[in-house]
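For reference, the structure discussed in these notes is given below.
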Protein chains: 2
Amino acid sequence: MRVLVCEDDELIASGIVAGLTAQGLTVEHVATASAARAMVGVAEFDVMVLDLGLPDEDGLKLLKQLRQQGLETPVLILTARDSVTDRVDGLQAGADDYLLKPFDLRELAARLHTLLRRVAGRSVNLIEHGRLTYDPSSRETTLDGQPVDLSRREQSLLQALLHSRGRVLSSEQLKDSVYGFNDELESNALNVHIHHLRRKLGNGIVETVRGLGYRLGPADGAESSK
Amino acid sequence: MRVLVCEDDELIASGIVAGLTAQGLTVEHVATASAARAMVGVAEFDVMVLDLGLPDEDGLKLLKQLRQQGLETPVLILTARDSVTDRVDGLQAGADDYLLKPFDLRELAARLHTLLRRVAGRSVNLIEHGRLTYDPSSRETTLDGQPVDLSRREQSLLQALLHSRGRVLSSEQLKDSVYGFNDELESNALNVHIHHLRRKLGNGIVETVRGLGYRLGPADGAESSK
DNA sequence: CTGGCGATTAACCGTCGATTAACCCGGCGA
DNA sequence: TCGCCGGGTTAATCGACGGTTAATCGCCAG
(Lines give C-alpha, C1' and ligand atoms only; values in the text may rest on other atoms or scores of the structure.)
Protein backbone atom coordinates (compact mmCIF):
# COMPACT_ATOMS: atom_id res chain seq x y z
CA MET A 1 0.00 0.00 0.00
CA ARG A 2 1.33 3.39 -0.94
CA VAL A 3 0.96 6.41 1.31
CA LEU A 4 1.72 10.02 0.48
CA VAL A 5 2.68 12.12 3.49
CA CYS A 6 2.62 15.90 3.10
CA GLU A 7 4.17 17.51 6.14
CA ASP A 8 6.66 20.35 6.41
CA ASP A 9 8.01 19.77 9.89
CA GLU A 10 11.00 17.58 9.29
CA LEU A 11 10.91 15.97 12.71
CA ILE A 12 7.27 14.99 12.63
CA ALA A 13 7.59 13.83 9.06
CA SER A 14 10.48 11.53 9.76
CA GLY A 15 8.61 10.05 12.67
CA ILE A 16 5.59 9.35 10.52
CA VAL A 17 7.65 7.90 7.72
CA ALA A 18 9.52 5.61 10.08
CA GLY A 19 6.38 4.46 11.84
CA LEU A 20 4.40 3.74 8.70
CA THR A 21 7.29 2.05 6.97
CA ALA A 22 7.59 -0.28 9.93
CA GLN A 23 3.96 -1.21 9.33
CA GLY A 24 4.83 -2.47 5.91
CA LEU A 25 3.56 0.55 3.99
CA THR A 26 5.47 2.23 1.21
CA VAL A 27 5.71 5.89 2.08
CA GLU A 28 6.47 8.97 -0.02
CA HIS A 29 7.16 12.20 1.76
CA VAL A 30 6.85 15.76 0.47
CA ALA A 31 7.09 19.01 2.41
CA THR A 32 5.11 21.47 0.34
CA ALA A 33 1.73 21.73 -1.30
CA SER A 34 3.25 22.15 -4.72
CA ALA A 35 5.34 19.05 -4.27
CA ALA A 36 2.25 17.16 -3.20
CA ARG A 37 0.39 18.34 -6.26
CA ALA A 38 3.22 17.17 -8.46
CA MET A 39 3.38 13.83 -6.74
CA VAL A 40 -0.30 13.19 -7.05
CA GLY A 41 -0.01 14.01 -10.71
CA VAL A 42 2.51 11.31 -11.43
CA ALA A 43 1.64 8.42 -9.16
CA GLU A 44 -1.24 6.60 -7.57
CA PHE A 45 -1.52 6.43 -3.80
CA ASP A 46 -3.87 4.45 -1.65
CA VAL A 47 -4.15 7.04 1.09
CA MET A 48 -2.78 10.51 1.81
CA VAL A 49 -1.78 12.22 5.04
CA LEU A 50 -1.99 15.99 4.77
CA ASP A 51 -0.75 18.62 7.20
CA LEU A 52 -2.88 21.77 7.02
CA GLY A 53 -0.08 24.13 8.03
CA LEU A 54 2.07 24.04 4.96
CA PRO A 55 4.55 26.79 4.15
CA ASP A 56 3.49 27.57 0.62
CA GLU A 57 -0.24 27.12 0.56
CA ASP A 58 -3.15 26.34 2.81
CA GLY A 59 -3.70 22.60 3.04
CA LEU A 60 -7.45 22.92 2.84
CA LYS A 61 -7.21 24.85 -0.36
CA LEU A 62 -4.96 22.20 -1.81
CA LEU A 63 -7.33 19.45 -0.76
CA LYS A 64 -10.35 21.17 -2.23
CA GLN A 65 -8.54 21.63 -5.47
CA LEU A 66 -7.42 18.03 -5.66
CA ARG A 67 -10.95 16.86 -5.05
CA GLN A 68 -12.24 19.11 -7.76
CA GLN A 69 -9.78 17.52 -10.10
CA GLY A 70 -11.35 14.19 -9.29
CA LEU A 71 -8.84 12.80 -6.84
CA GLU A 72 -10.55 10.04 -4.92
CA THR A 73 -7.80 8.85 -2.67
CA PRO A 74 -8.85 8.95 0.98
CA VAL A 75 -7.17 11.79 2.85
CA LEU A 76 -6.45 12.16 6.55
CA ILE A 77 -5.64 15.69 7.63
CA LEU A 78 -3.34 16.74 10.43
CA THR A 79 -3.86 20.04 12.15
CA ALA A 80 -2.83 22.00 15.18
CA ARG A 81 -6.03 24.00 15.08
CA ASP A 82 -8.95 22.80 17.02
CA SER A 83 -12.33 24.26 16.54
CA VAL A 84 -15.57 22.92 15.33
CA THR A 85 -15.51 25.05 12.23
CA ASP A 86 -12.08 23.77 11.32
CA ARG A 87 -13.23 20.20 11.47
CA VAL A 88 -16.28 20.94 9.43
CA ASP A 89 -14.20 22.82 6.90
CA GLY A 90 -11.85 19.90 6.66
CA LEU A 91 -14.55 17.38 6.04
CA GLN A 92 -16.28 19.64 3.57
CA ALA A 93 -13.06 20.08 1.70
CA GLY A 94 -13.09 16.36 1.16
CA ALA A 95 -11.09 14.89 4.01
CA ASP A 96 -12.03 11.44 5.22
CA ASP A 97 -10.62 11.74 8.71
CA TYR A 98 -8.57 14.17 10.77
CA LEU A 99 -6.12 14.10 13.63
CA LEU A 100 -5.04 16.87 15.98
CA LYS A 101 -1.41 17.61 16.71
CA PRO A 102 0.28 16.46 18.73
CA PHE A 103 -0.83 12.95 18.02
CA ASP A 104 0.25 9.49 18.95
CA LEU A 105 1.92 7.65 16.11
CA ARG A 106 0.04 4.49 16.88
CA GLU A 107 -3.17 6.45 16.69
CA LEU A 108 -2.26 7.66 13.23
CA ALA A 109 -1.36 4.17 12.10
CA ALA A 110 -4.65 2.83 13.40
CA ARG A 111 -6.67 5.49 11.62
CA LEU A 112 -4.86 4.96 8.36
CA HIS A 113 -5.53 1.28 8.56
CA THR A 114 -9.17 2.05 9.08
CA LEU A 115 -9.20 4.22 5.99
CA LEU A 116 -7.36 1.63 3.97
CA ARG A 117 -9.74 -1.00 5.13
CA ARG A 118 -12.64 1.17 4.21
CA VAL A 119 -11.34 1.25 0.67
CA ALA A 120 -10.11 -2.31 0.46
CA GLY A 121 -12.59 -3.86 2.84
CA ARG A 122 -15.60 -2.84 0.89
CA SER A 123 -14.51 -4.68 -2.12
CA VAL A 124 -12.49 -7.73 -2.76
CA ASN A 125 -10.57 -8.02 0.37
CA LEU A 126 -8.97 -11.20 -0.66
CA ILE A 127 -6.98 -11.44 -3.84
CA GLU A 128 -6.96 -14.89 -5.35
CA HIS A 129 -4.64 -16.09 -8.01
CA GLY A 130 -4.48 -19.79 -8.63
CA ARG A 131 -3.19 -21.52 -5.55
CA LEU A 132 -2.31 -18.18 -3.98
CA THR A 133 -4.36 -15.87 -1.84
CA TYR A 134 -3.29 -12.53 -0.49
CA ASP A 135 -5.19 -10.40 1.96
CA PRO A 136 -4.00 -6.79 1.78
CA SER A 137 -5.66 -5.72 4.99
CA SER A 138 -4.14 -8.36 7.20
CA ARG A 139 -1.11 -8.78 4.93
CA GLU A 140 -1.46 -12.51 4.99
CA THR A 141 -0.45 -14.80 2.19
CA THR A 142 -1.43 -18.40 1.73
CA LEU A 143 -0.38 -21.01 -0.78
CA ASP A 144 -2.71 -24.01 -1.15
CA GLY A 145 -4.37 -22.82 2.02
CA GLN A 146 -1.13 -22.91 3.98
CA PRO A 147 0.02 -19.58 5.39
CA VAL A 148 3.33 -18.42 3.99
CA ASP A 149 5.66 -16.15 5.86
CA LEU A 150 6.83 -13.32 3.63
CA SER A 151 9.17 -10.50 4.55
CA ARG A 152 8.20 -6.87 4.03
CA ARG A 153 9.90 -6.53 0.67
CA GLU A 154 8.59 -9.82 -0.56
CA GLN A 155 5.09 -8.75 0.31
CA SER A 156 5.22 -5.47 -1.52
CA LEU A 157 6.68 -7.21 -4.51
CA LEU A 158 3.92 -9.78 -4.56
CA GLN A 159 1.33 -7.10 -4.04
CA ALA A 160 2.62 -5.08 -6.95
CA LEU A 161 2.50 -8.11 -9.20
CA LEU A 162 -0.96 -9.16 -8.09
CA HIS A 163 -2.21 -5.64 -8.47
CA SER A 164 -1.57 -5.61 -12.18
CA ARG A 165 -2.62 -9.10 -13.10
CA GLY A 166 -0.61 -10.48 -15.89
CA ARG A 167 0.83 -7.18 -17.11
CA VAL A 168 4.55 -7.11 -17.40
CA LEU A 169 6.18 -4.79 -14.89
CA SER A 170 9.61 -3.40 -15.62
CA SER A 171 12.13 -3.50 -12.86
CA GLU A 172 11.80 0.29 -12.73
CA GLN A 173 8.12 0.03 -11.97
CA LEU A 174 8.67 -2.66 -9.40
CA LYS A 175 11.37 -0.59 -7.78
CA ASP A 176 8.98 2.33 -7.54
CA SER A 177 6.33 0.34 -5.80
CA VAL A 178 8.61 -1.51 -3.43
CA TYR A 179 10.93 1.38 -2.58
CA GLY A 180 9.84 4.96 -3.03
CA PHE A 181 10.92 7.17 -5.88
CA ASN A 182 13.61 8.64 -3.74
CA ASP A 183 15.60 5.64 -2.83
CA GLU A 184 17.98 4.88 -5.55
CA LEU A 185 19.02 1.37 -5.79
CA GLU A 186 21.94 0.41 -7.89
CA SER A 187 22.11 -3.25 -7.22
CA ASN A 188 20.23 -6.37 -8.07
CA ALA A 189 18.36 -6.41 -4.78
CA LEU A 190 15.10 -6.79 -6.68
CA ASN A 191 16.39 -9.91 -8.34
CA VAL A 192 17.28 -11.31 -5.01
CA HIS A 193 13.84 -10.65 -3.60
CA ILE A 194 12.22 -12.20 -6.61
CA HIS A 195 14.41 -15.17 -6.11
CA HIS A 196 13.24 -15.43 -2.51
CA LEU A 197 9.63 -15.11 -3.56
CA ARG A 198 10.04 -17.95 -5.99
CA ARG A 199 11.76 -20.05 -3.39
CA LYS A 200 8.81 -19.57 -1.05
CA LEU A 201 5.97 -19.72 -3.54
CA GLY A 202 7.29 -22.02 -6.21
CA ASN A 203 8.57 -21.26 -9.66
CA GLY A 204 5.27 -20.85 -11.47
CA ILE A 205 4.38 -17.68 -9.60
CA VAL A 206 6.68 -15.11 -11.15
CA GLU A 207 7.55 -15.20 -14.81
CA THR A 208 10.54 -13.52 -16.34
CA VAL A 209 10.07 -11.68 -19.59
CA ARG A 210 13.55 -11.24 -20.84
CA GLY A 211 14.48 -7.66 -21.60
CA LEU A 212 11.20 -6.28 -20.25
CA GLY A 213 10.60 -7.28 -16.67
CA TYR A 214 8.46 -9.66 -14.71
CA ARG A 215 4.85 -10.63 -14.49
CA LEU A 216 2.61 -12.92 -12.55
CA GLY A 217 2.41 -16.45 -13.87
CA PRO A 218 -0.87 -17.92 -15.10
CA ALA A 219 -3.53 -18.54 -12.48
CA ASP A 220 -3.80 -22.27 -13.14
CA GLY A 221 -0.61 -23.12 -11.31
CA ALA A 222 0.69 -24.80 -14.47
CA GLU A 223 4.46 -24.68 -14.62
CA SER A 224 6.12 -23.54 -17.79
CA SER A 225 4.86 -25.87 -20.45
CA LYS A 226 7.30 -24.76 -23.08
CA MET B 1 -17.24 4.73 -22.66
CA ARG B 2 -20.43 2.74 -22.31
CA VAL B 3 -21.53 1.18 -19.07
CA LEU B 4 -24.38 -1.25 -18.53
CA VAL B 5 -25.83 -1.13 -15.03
CA CYS B 6 -28.03 -4.01 -13.97
CA GLU B 7 -29.65 -3.18 -10.65
CA ASP B 8 -33.23 -3.64 -9.51
CA ASP B 9 -33.37 -1.18 -6.63
CA GLU B 10 -34.59 2.01 -8.23
CA LEU B 11 -32.99 4.27 -5.67
CA ILE B 12 -29.55 2.76 -5.86
CA ALA B 13 -29.76 2.57 -9.61
CA SER B 14 -30.62 6.22 -10.04
CA GLY B 15 -27.72 7.12 -7.78
CA ILE B 16 -25.32 5.08 -9.82
CA VAL B 17 -26.60 6.42 -13.09
CA ALA B 18 -26.36 10.00 -11.90
CA GLY B 19 -22.89 9.53 -10.49
CA LEU B 20 -21.44 7.78 -13.48
CA THR B 21 -23.07 10.13 -15.93
CA ALA B 22 -21.48 13.00 -14.09
CA GLN B 23 -18.14 11.31 -14.69
CA GLY B 24 -18.71 11.52 -18.40
CA LEU B 25 -19.70 7.92 -18.93
CA THR B 26 -22.60 6.77 -21.06
CA VAL B 27 -24.87 4.66 -18.91
CA GLU B 28 -27.60 2.20 -19.76
CA HIS B 29 -29.74 0.91 -16.98
CA VAL B 30 -31.76 -2.30 -16.77
CA ALA B 31 -33.51 -3.81 -13.78
CA THR B 32 -33.69 -7.51 -14.58
CA ALA B 33 -31.46 -10.31 -15.72
CA SER B 34 -33.50 -10.91 -18.83
CA ALA B 35 -33.32 -7.25 -19.78
CA ALA B 36 -29.56 -7.40 -19.25
CA ARG B 37 -29.28 -10.42 -21.48
CA ALA B 38 -31.26 -8.67 -24.18
CA MET B 39 -29.16 -5.54 -23.87
CA VAL B 40 -25.90 -7.41 -24.12
CA GLY B 41 -27.24 -9.10 -27.21
CA VAL B 42 -27.84 -5.91 -29.11
CA ALA B 43 -25.13 -3.52 -28.02
CA GLU B 44 -21.50 -3.39 -27.01
CA PHE B 45 -20.48 -2.16 -23.59
CA ASP B 46 -17.07 -1.40 -22.21
CA VAL B 47 -17.89 -2.46 -18.70
CA MET B 48 -20.85 -3.86 -16.81
CA VAL B 49 -22.07 -3.34 -13.24
CA LEU B 50 -24.12 -6.27 -12.04
CA ASP B 51 -26.19 -6.58 -8.88
CA LEU B 52 -26.33 -10.16 -7.69
CA GLY B 53 -29.73 -9.81 -6.06
CA LEU B 54 -31.95 -9.54 -9.09
CA PRO B 55 -35.64 -10.31 -8.97
CA ASP B 56 -35.87 -12.75 -11.84
CA GLU B 57 -32.63 -14.70 -11.80
CA ASP B 58 -29.49 -15.11 -9.79
CA GLY B 59 -26.84 -12.66 -10.97
CA LEU B 60 -24.07 -15.21 -10.71
CA LYS B 61 -25.91 -17.60 -12.94
CA LEU B 62 -26.43 -14.85 -15.48
CA LEU B 63 -22.78 -13.93 -15.37
CA LYS B 64 -21.59 -17.48 -15.81
CA GLN B 65 -23.87 -17.89 -18.75
CA LEU B 66 -22.73 -14.69 -20.43
CA ARG B 67 -19.13 -15.74 -20.01
CA GLN B 68 -19.86 -19.08 -21.54
CA GLN B 69 -21.28 -17.29 -24.52
CA GLY B 70 -17.94 -15.59 -24.92
CA LEU B 71 -18.69 -12.21 -23.41
CA GLU B 72 -15.42 -10.57 -22.51
CA THR B 73 -16.62 -7.29 -21.14
CA PRO B 74 -15.24 -6.70 -17.66
CA VAL B 75 -17.89 -7.07 -14.99
CA LEU B 76 -18.04 -5.57 -11.52
CA ILE B 77 -20.52 -7.24 -9.24
CA LEU B 78 -22.48 -5.62 -6.41
CA THR B 79 -23.75 -7.63 -3.54
CA ALA B 80 -24.98 -7.40 -0.01
CA ARG B 81 -23.55 -10.79 0.84
CA ASP B 82 -20.17 -11.02 2.40
CA SER B 83 -18.39 -14.26 2.88
CA VAL B 84 -15.25 -15.75 1.48
CA THR B 85 -17.10 -18.34 -0.54
CA ASP B 86 -19.32 -15.67 -2.07
CA ARG B 87 -16.31 -13.71 -3.18
CA VAL B 88 -14.64 -16.73 -4.59
CA ASP B 89 -17.82 -17.74 -6.37
CA GLY B 90 -18.11 -14.30 -7.88
CA LEU B 91 -14.59 -14.30 -9.20
CA GLN B 92 -14.91 -17.81 -10.50
CA ALA B 93 -18.08 -16.91 -12.31
CA GLY B 94 -16.02 -14.43 -14.26
CA ALA B 95 -16.30 -11.17 -12.38
CA ASP B 96 -13.39 -8.77 -12.60
CA ASP B 97 -14.07 -6.87 -9.43
CA TYR B 98 -16.38 -6.88 -6.48
CA LEU B 99 -18.07 -4.31 -4.30
CA LEU B 100 -20.16 -4.78 -1.19
CA LYS B 101 -23.32 -2.80 -0.49
CA PRO B 102 -23.54 -0.25 0.80
CA PHE B 103 -20.74 1.28 -1.19
CA ASP B 104 -19.32 4.71 -1.73
CA LEU B 105 -20.17 6.08 -5.14
CA ARG B 106 -16.69 7.45 -5.60
CA GLU B 107 -15.35 4.04 -4.85
CA LEU B 108 -17.49 2.54 -7.57
CA ALA B 109 -16.43 5.18 -10.05
CA ALA B 110 -12.78 4.63 -9.23
CA ARG B 111 -13.03 0.90 -9.69
CA LEU B 112 -14.84 1.23 -12.98
CA HIS B 113 -12.16 3.56 -14.22
CA THR B 114 -9.58 0.99 -13.29
CA LEU B 115 -11.41 -1.67 -15.21
CA LEU B 116 -11.88 0.58 -18.20
CA ARG B 117 -8.22 1.44 -18.17
CA ARG B 118 -7.35 -2.19 -18.08
CA VAL B 119 -9.45 -2.82 -21.15
CA ALA B 120 -8.37 0.27 -23.03
CA GLY B 121 -4.74 -0.53 -22.48
CA ARG B 122 -5.31 -3.97 -23.75
CA SER B 123 -6.94 -3.68 -27.11
CA VAL B 124 -6.29 -0.23 -28.47
CA ASN B 125 -3.78 -1.01 -31.13
CA LEU B 126 -4.42 -4.63 -31.68
CA ILE B 127 -3.41 -5.74 -35.15
CA GLU B 128 -5.18 -8.76 -36.54
CA HIS B 129 -4.18 -10.83 -39.50
CA GLY B 130 -5.92 -14.11 -40.00
CA ARG B 131 -5.19 -16.36 -37.07
CA LEU B 132 -2.60 -13.92 -35.78
CA THR B 133 -2.94 -10.97 -33.46
CA TYR B 134 -0.23 -8.62 -32.36
CA ASP B 135 -0.51 -5.95 -29.69
CA PRO B 136 2.29 -3.42 -29.97
CA SER B 137 1.63 -1.86 -26.59
CA SER B 138 1.96 -5.02 -24.56
CA ARG B 139 4.10 -6.68 -27.22
CA GLU B 140 2.00 -9.76 -27.09
CA THR B 141 1.43 -12.06 -30.00
CA THR B 142 -1.20 -14.73 -30.23
CA LEU B 143 -1.88 -17.44 -32.78
CA ASP B 144 -5.36 -18.95 -32.72
CA GLY B 145 -5.80 -17.22 -29.38
CA GLN B 146 -2.78 -18.90 -27.86
CA PRO B 147 -0.01 -16.59 -26.72
CA VAL B 148 3.27 -17.13 -28.49
CA ASP B 149 6.58 -15.95 -27.13
CA LEU B 150 8.66 -14.16 -29.64
CA SER B 151 12.12 -12.81 -29.06
CA ARG B 152 12.89 -9.16 -29.63
CA ARG B 153 14.13 -9.57 -33.16
CA GLU B 154 11.30 -11.86 -34.12
CA GLN B 155 8.84 -9.30 -32.86
CA SER B 156 10.26 -6.44 -34.81
CA LEU B 157 10.36 -8.56 -37.89
CA LEU B 158 6.73 -9.52 -37.51
CA GLN B 159 5.80 -5.95 -36.78
CA ALA B 160 7.52 -4.74 -39.93
CA LEU B 161 5.68 -7.29 -42.00
CA LEU B 162 2.32 -6.58 -40.43
CA HIS B 163 2.85 -2.90 -40.83
CA SER B 164 2.97 -3.08 -44.58
CA ARG B 165 0.34 -5.67 -45.20
CA GLY B 166 1.07 -7.75 -48.20
CA ARG B 167 3.75 -5.49 -49.70
CA VAL B 168 6.97 -7.22 -50.46
CA LEU B 169 9.82 -6.01 -48.29
CA SER B 170 13.39 -6.37 -49.48
CA SER B 171 15.90 -7.69 -47.04
CA GLU B 172 17.38 -4.19 -47.01
CA GLN B 173 14.11 -2.73 -45.82
CA LEU B 174 13.66 -5.42 -43.23
CA LYS B 175 17.18 -4.89 -42.02
CA ASP B 176 16.49 -1.21 -41.61
CA SER B 177 13.42 -1.78 -39.52
CA VAL B 178 14.82 -4.51 -37.36
CA TYR B 179 18.25 -3.01 -36.81
CA GLY B 180 18.82 0.69 -37.14
CA PHE B 181 19.95 2.27 -40.37
CA ASN B 182 23.40 2.45 -38.96
CA ASP B 183 24.23 -1.06 -38.05
CA GLU B 184 25.65 -2.95 -40.90
CA LEU B 185 25.04 -6.61 -40.96
CA GLU B 186 27.20 -8.93 -42.93
CA SER B 187 25.42 -12.18 -42.45
CA ASN B 188 22.20 -13.99 -43.06
CA ALA B 189 20.92 -13.27 -39.58
CA LEU B 190 17.64 -12.07 -41.05
CA ASN B 191 17.10 -15.38 -42.76
CA VAL B 192 17.63 -17.12 -39.50
CA HIS B 193 15.09 -14.97 -37.73
CA ILE B 194 12.57 -15.51 -40.47
CA HIS B 195 13.16 -19.18 -40.11
CA HIS B 196 12.47 -18.95 -36.39
CA LEU B 197 9.31 -16.96 -37.03
CA ARG B 198 8.05 -19.62 -39.37
CA ARG B 199 8.87 -22.31 -36.91
CA LYS B 200 6.83 -20.56 -34.24
CA LEU B 201 3.96 -19.29 -36.35
CA GLY B 202 3.69 -21.86 -39.08
CA ASN B 203 4.76 -21.69 -42.70
CA GLY B 204 1.84 -19.74 -44.09
CA ILE B 205 2.83 -16.58 -42.26
CA VAL B 206 5.83 -15.40 -44.20
CA GLU B 207 6.10 -15.83 -47.93
CA THR B 208 9.33 -15.73 -49.85
CA VAL B 209 9.40 -13.81 -53.10
CA ARG B 210 12.49 -15.06 -54.74
CA GLY B 211 14.92 -12.36 -55.74
CA LEU B 212 12.90 -9.60 -54.09
CA GLY B 213 12.30 -10.26 -50.46
CA TYR B 214 9.50 -11.35 -48.16
CA ARG B 215 5.90 -10.50 -47.48
CA LEU B 216 3.13 -11.50 -45.17
CA GLY B 217 1.07 -14.47 -46.25
CA PRO B 218 -2.65 -14.13 -46.99
CA ALA B 219 -4.91 -13.52 -44.02
CA ASP B 220 -6.95 -16.69 -44.50
CA GLY B 221 -4.35 -19.06 -43.11
CA ALA B 222 -4.32 -20.93 -46.46
CA GLU B 223 -0.90 -22.23 -47.34
CA SER B 224 0.40 -21.08 -50.67
CA SER B 225 -1.13 -23.45 -53.15
CA LYS B 226 1.31 -22.19 -55.68
C1' DC C 1 23.46 -29.90 -65.32
C1' DT C 2 24.80 -26.16 -62.82
C1' DG C 3 24.86 -21.66 -60.49
C1' DG C 4 22.77 -19.20 -57.09
C1' DC C 5 19.63 -18.06 -53.63
C1' DG C 6 17.28 -19.08 -49.77
C1' DA C 7 16.55 -22.73 -45.94
C1' DT C 8 18.31 -25.20 -42.38
C1' DT C 9 21.28 -26.47 -38.82
C1' DA C 10 24.94 -26.18 -35.58
C1' DA C 11 28.34 -23.70 -33.11
C1' DC C 12 29.98 -19.71 -30.78
C1' DC C 13 29.56 -15.61 -27.95
C1' DG C 14 27.79 -11.94 -25.24
C1' DT C 15 24.33 -10.32 -22.19
C1' DC C 16 21.04 -10.64 -18.77
C1' DG C 17 18.94 -12.83 -15.14
C1' DA C 18 19.60 -16.48 -11.38
C1' DT C 19 21.97 -17.99 -7.71
C1' DT C 20 24.81 -17.95 -3.84
C1' DA C 21 27.63 -16.06 -0.31
C1' DA C 22 29.18 -12.39 2.44
C1' DC C 23 28.34 -8.29 4.80
C1' DC C 24 25.63 -4.75 7.22
C1' DC C 25 22.27 -3.05 10.19
C1' DG C 26 18.55 -2.84 13.52
C1' DG C 27 15.92 -5.38 16.99
C1' DC C 28 15.77 -8.31 20.79
C1' DG C 29 16.96 -11.16 24.46
C1' DA C 30 20.49 -12.63 27.70
C1' DT D 1 25.64 -3.66 27.19
C1' DC D 2 26.90 -7.36 24.35
C1' DG D 3 26.06 -10.61 21.04
C1' DC D 4 22.84 -13.19 18.32
C1' DC D 5 19.36 -13.34 14.66
C1' DG D 6 16.77 -12.15 10.69
C1' DG D 7 16.05 -9.35 6.92
C1' DG D 8 18.11 -6.37 3.36
C1' DT D 9 21.71 -5.14 0.27
C1' DT D 10 25.89 -5.79 -2.19
C1' DA D 11 28.87 -8.33 -4.89
C1' DA D 12 30.75 -12.24 -7.34
C1' DT D 13 29.91 -16.07 -10.16
C1' DC D 14 27.05 -19.18 -12.87
C1' DG D 15 24.15 -20.50 -16.50
C1' DA D 16 20.62 -19.96 -20.02
C1' DC D 17 18.94 -17.66 -23.77
C1' DG D 18 19.03 -14.93 -27.78
C1' DG D 19 21.73 -13.23 -31.56
C1' DT D 20 25.11 -13.84 -34.94
C1' DT D 21 28.05 -16.36 -37.81
C1' DA D 22 29.12 -19.83 -40.82
C1' DA D 23 28.81 -24.21 -43.04
C1' DT D 24 25.92 -27.07 -45.65
C1' DC D 25 21.66 -28.47 -47.93
C1' DG D 26 18.00 -28.30 -51.35
C1' DC D 27 15.35 -26.25 -54.69
C1' DC D 28 14.37 -23.54 -58.69
C1' DA D 29 15.72 -21.43 -63.01
C1' DG D 30 18.49 -20.83 -66.71
Side-chain angles (χ1 to χ4, degrees), chain A residues 14-15 17-19 21-27 139 141 148-158 161 168-175 177-180 182-215 217 223-224 226, chain B residues 139 141 148-158 161 168-175 177-180 182-215 217 223-224 226:
Chain A
S14 62
V17 170
T21 304
Q23 303 267 331
L25 300 170
T26 303
V27 183
R139 290 187 250 125
T141 304
V148 182
D149 187 58
L150 293 185
S151 75
R152 197 163 41 103
R153 300 268 124 120
E154 288 156 6
Q155 271 179 31
S156 11
L157 209 43
L158 178 60
L161 289 167
V168 176
L169 295 177
S170 69
S171 35
E172 277 308 309
Q173 292 173 297
L174 287 175
K175 222 165 68 184
S177 58
V178 173
Y179 309 89
N182 314 320
D183 292 320
E184 271 319 303
L185 186 65
E186 68 293 334
S187 79
N188 60 348
L190 261 184
N191 284 338
V192 177
H193 290 306
I194 285 177
H195 178 57
H196 290 158
L197 254 190
R198 296 215 253 235
R199 182 189 297 171
K200 290 181 181 176
L201 301 178
N203 273 350
I205 294 299
V206 185
E207 286 188 348
T208 302
V209 182
R210 202 181 170 89
L212 292 178
Y214 298 88
R215 74 173 159 213
E223 296 280 319
S224 58
K226 309 212 157 166
Chain B
R139 306 197 196 150
T141 303
V148 181
D149 319 321
L150 295 184
S151 75
R152 212 172 27 143
R153 298 268 126 116
E154 288 156 7
Q155 273 179 30
S156 23
L157 209 44
L158 178 59
L161 289 167
V168 176
L169 295 176
S170 68
S171 23
E172 275 310 309
Q173 292 173 297
L174 286 175
K175 218 164 72 184
S177 59
V178 173
Y179 308 89
N182 316 321
D183 288 323
E184 275 317 307
L185 186 63
E186 286 311 316
S187 76
N188 62 346
L190 262 183
N191 285 338
V192 176
H193 291 307
I194 285 177
H195 177 57
H196 290 158
L197 256 190
R198 282 177 176 154
R199 182 190 296 173
K200 290 181 180 175
L201 301 177
N203 274 347
I205 294 299
V206 184
E207 288 188 347
T208 302
V209 182
R210 202 176 171 89
L212 292 179
Y214 298 88
R215 74 172 161 215
E223 299 276 324
S224 55
K226 264 243 292 170

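Residue numbers start from 1 in every chain, and the chains themselves are labelled A, B, ... in the order their sequence lines are given, proteins ahead of strands. This one's a predicted model, so the numbers in the text were calculated from it and none came from an experiment.
Residues B:Arg139 and A:Leu212 approach most closely at NH1-CD2, 2.8 Å, considering heavy atoms. Of all non-hydrogen atoms in B:Lys200 and B:Leu150, the two that sit nearest each other are CD-CD2, 3.7 Å. B:Leu197 and B:Leu158 get closest at one heavy-atom pair: CD1-N, 4.1 Å.
Shown here are the side-chain contact (heavy atoms from CB on, under 4.5 Å) partners of A:Thr208, two or more places apart in sequence or in another chain: A:Arg198, A:Tyr214. Residues meeting the side-chain contact (heavy atoms from CB on, under 4.5 Å) test with B:Ser156, sequence neighbours left out: B:Val178. Take A:Arg215 and apply the salt bridge (Lys or Arg N to Asp or Glu O under 4.0 Å) test, not counting sequence neighbours, and it matches A:Glu207, B:Glu140. Under the side-chain hydrogen bond (donor to acceptor under 3.5 Å, both in side chains) criterion, B:Ser171 pairs with no residue at all, not counting sequence neighbours.
For D:dG6, the OP1/OP2 oxygens have no side-chain nitrogen or oxygen of A:Ser151 closer than 4.0 Å. The side chain of B:Arg152 contributes no N or O atom lying less than 4.0 Å from OP1 or OP2 of D:dC17.
Counting only heavy atoms from C-beta outward, the side chains of A:Val206 and A:Leu201 never approach each other to under 4.5 Å.
The interatomic distance linking B:His193 (NE2) with D:dA22 (C1') rounds to 14 Å, in whole Å. Atom NZ in A:Lys175 sits roughly 12 Å away from atom P in D:dT9 (whole-Å rounding). Here the P atom of nucleotide C:dA7 and the CD atom of B:Glu207 are 12 Å apart, to the nearest Å. What separates CD of B:Glu154 from C1' of D:dG19 is a distance of 10 Å, to the nearest Å. Here D:dG8 presents its P atom at 10 Å from CG of A:Leu150, a figure rounded to the nearest Å.
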Dump every N/O contact between nucleotides 26-28 of chain C and the protein below 3.5 Å, one line per pair.
none

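At least one donor-acceptor pair closer than 3.5 Å links the side chain of B:Gln173 to the backbone N or O of B:Ser170.
At the heavy-atom level, A:Ser187 lies under 4.0 Å from base atoms of the strands shown.
Mapping A:Leu190 and A:Lys200 onto DNA chain D via the closest heavy atom, the residue that lands nearer the 5' end is A:Lys200.
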field: Base-contact (B) and sugar-phosphate-only (S) positions in nucleotides 8-18 of chain C, heavy-atom cut-off under 4.0 Å, - elsewhere
entry: BB-----BBSS
